[in-house]
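All remarks here apply to the structure that follows.
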2 protein chains.
Amino acid sequence: MKKQPDQTPECGLGRALAVIKGKWKPSLIWELHQRPIRFGELKRRLPGITEKVLFEQLRQLEVDGIVHREVYDELPARVEYSLTTFGAGLNAAVHELAEWGKRLPSPTSAVAERPPLPEGVIRVSRGVRLHDSTS
Amino acid sequence: MKKQPDQTPECGLGRALAVIKGKWKPSLIWELHQRPIRFGELKRRLPGITEKVLFEQLRQLEVDGIVHREVYDELPARVEYSLTTFGAGLNAAVHELAEWGKRLPSPTSAVAERPPLPEGVIRVSRGVRLHDSTS
DNA sequence: CAGTATCCAACTCGATACTG
DNA sequence: CAGTATCGAGTTGGATACTG
């Protein structure tokens with residue numbers, strides 16, 4: 001895992017984000033937040049995920065105490081995943097953030113390009129314009 | 001940017017997480033949550049960040065409407081970054097998650113190894129043991 | 001001071017195929 | 001069914017050096 005920046009020791013945000021870091025983890029937590037689901041059904045519910053990644057992310061959530069893994073010794077094999085009480089707390093803690101996210105326009109930045117500046121004009125973000133000495 | 005899984009349309013969590021996705025973004029938002037700070041001071045406050053990455057992540061936050069960038073036409077150059085009102089909302093929305101994170105043991109999983117299983121025993125996560133037919 | 005430009009290593013995730 | 005193993009592409013962030 002990539003080293004995270006030092007943070008104020010009393011702030012748990014870094015650790016919380018580390019736990020949900022993973023492309024499918026938020027969806028997994030959401031899927032499990034009401035009832036246990038088996039491996040195969042999770043796979044069907046998350047179209048596009050591969051078995052490898054599904055297993056990896058479930059395993060990480062399990063290690064972090066978010067998810068419980070129950071093995072039933074049957075044939076064919078059957079394994080059910082569920083949220084722990086601790087994990088349910090995470091699901092709740094995330095709610096406010098999700099609400100905030102609704103105010104966002106769908107396509108978020110990340111790789112957006114800065115538009116080319118018109119000649120002779122320096123643009124400032126809130127719309128202020130400073131004309132340079134040549135104008 | 002990597003494609004995110006389909007989500008329930010009315011849930012903003014994915015978009016919210018996209019906005020804070022970036023190694024230094026949570027720290028940046030925290031640093032700016034009270035007063036405007038210049039580029040150079042931010043760099044000093046986040047030991048280990050490079051100018052390239054600092055600029056990139058500030059730019060993305062700006063595009064997403066979290067951060068405001070104010071250019072003062074002086075010499076030497078001076079640029080101040082601050083949280084927008086919208087960005088302040090994000091800072092608040094994240095609070096509950098940070099609280100939850102405090103209950104976590106510091107080193108989070110991600111790459112944890114599954115311990116080698118002792119011969120003849122199948123381990124299940126909550127400590128239940130199923131002995132196989134050879135025992 | 002506040003960027004920009006290159007180059008590159010690490011990490012995540014997906015494709016695919018195989019096993020108990 | 002529920003994993004495991006292997007390989008490779010894409011993305012992120014760090015090192016370094018240069019500019020208005």
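Throughout, protein chains are lettered first and strands after them, A, B, ... in sequence-line order, and every chain is numbered starting at 1. In what follows, every heavy atom counts, from backbone to side chain, and hydrogens, waters and symmetry copies are set aside. Owing to the predicted nature of the structure, the values given are computational and were not obtained by experimental measurement.
The NZ atom of B:Lys43 sits 10 Å away from the P atom of C:dC1 (whole-angstrom rounding). With rounding to whole Å, A:Glu70 atom CD is found 17 Å from D:dC1 atom C1'. When rounded to the nearest whole Å, the span between CG of B:Asp73 and C1' of C:dC1 equals 13 Å. Atom pair B:Phe55:CZ and C:dT6:P shows a separation of 15 Å (rounding to whole Å applied). D:dC1 atom C1' lies 13 Å from atom CG of A:Leu42, rounded to whole Å. The CD1-P distance, from A:Ile20 to C:dT12, rounds to 15 Å in whole Å. Between the CD atom of A:Gln4 and the C1' atom of C:dA10 there is a distance of 14 Å, rounded to whole Å. A:Leu58 has its CG atom 14 Å from the C1' atom of D:dC1, to the nearest Å.
Distance CG/A:Leu32 to CD/A:Gln34: 11.0 Å, rounded to 0.5 Å.
Partners of B:Arg44 under the side-chain contact (heavy atoms from CB on, under 4.5 Å) rule, at least two apart in sequence or in another chain, are B:Glu41. With sequence neighbours excluded, the residues satisfying side-chain contact (heavy atoms from CB on, under 4.5 Å) with B:Gln4 are A:Lys23. Contacts of A:Lys102 classified as salt bridge (Lys or Arg N to Asp or Glu O under 4.0 Å), with partners at least two apart in sequence or in another chain: A:Glu99. Taking the ring pair (Phe, Tyr, Trp, His ring centres under 6.0 Å) definition, one finds that A:Trp24 meets it with nothing, sequence neighbours left out. Partners of B:Glu31 under the side-chain hydrogen bond (donor to acceptor under 3.5 Å, both in side chains) rule, at least two apart in sequence or in another chain, are B:Arg45. The salt bridge (Lys or Arg N to Asp or Glu O under 4.0 Å) check on B:Lys52 picks up B:Glu56, with sequence neighbours excluded. With sequence neighbours excluded, the residues forming a ring pair (Phe, Tyr, Trp, His ring centres under 6.0 Å) with A:Trp100 are B:Phe86, listed by chain and number. Remark: A:His95 pairs with no residue by the ring pair (Phe, Tyr, Trp, His ring centres under 6.0 Å) rule, at least two apart or across chains. Annotation: side-chain contact (heavy atoms from CB on, under 4.5 Å) contacts of B:Arg78 (sequence neighbours excluded): B:Arg38, B:Tyr72, B:Glu74, B:Glu80.
Side-chain contact check for B:Leu83 versus B:Leu90: every heavy-atom pair is 4.5 Å or farther apart.
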*Going 5' to 3' along nucleotides 13-20 of chain C, which nucleotides have protein heavy atoms under 4.0 Å from the base (write B), which only from the sugar-phosphate (write S), and which from neither (write -)?*
BBB-B---
*With pairs defined as Watson-Crick or G-U wobble and both distances under 3.5 angstrom, please note down DNA chain C as a dot-bracket string, | for pairing with another strand.*
||||||||||||||||||||
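Note on B:Tyr81: a side-chain N or O is less than 4.0 Å away from OP1 or OP2 of C:dG3. Taking only side-chain nitrogens and oxygens, B:Arg59 never comes nearer than 4.0 Å to OP1 or OP2 of C:dA2.
Sorted by residue number, the members of residues 30-39 of chain B with any non-hydrogen atom under 4.0 Å from DNA chain C read B:Arg38, B:Phe39.
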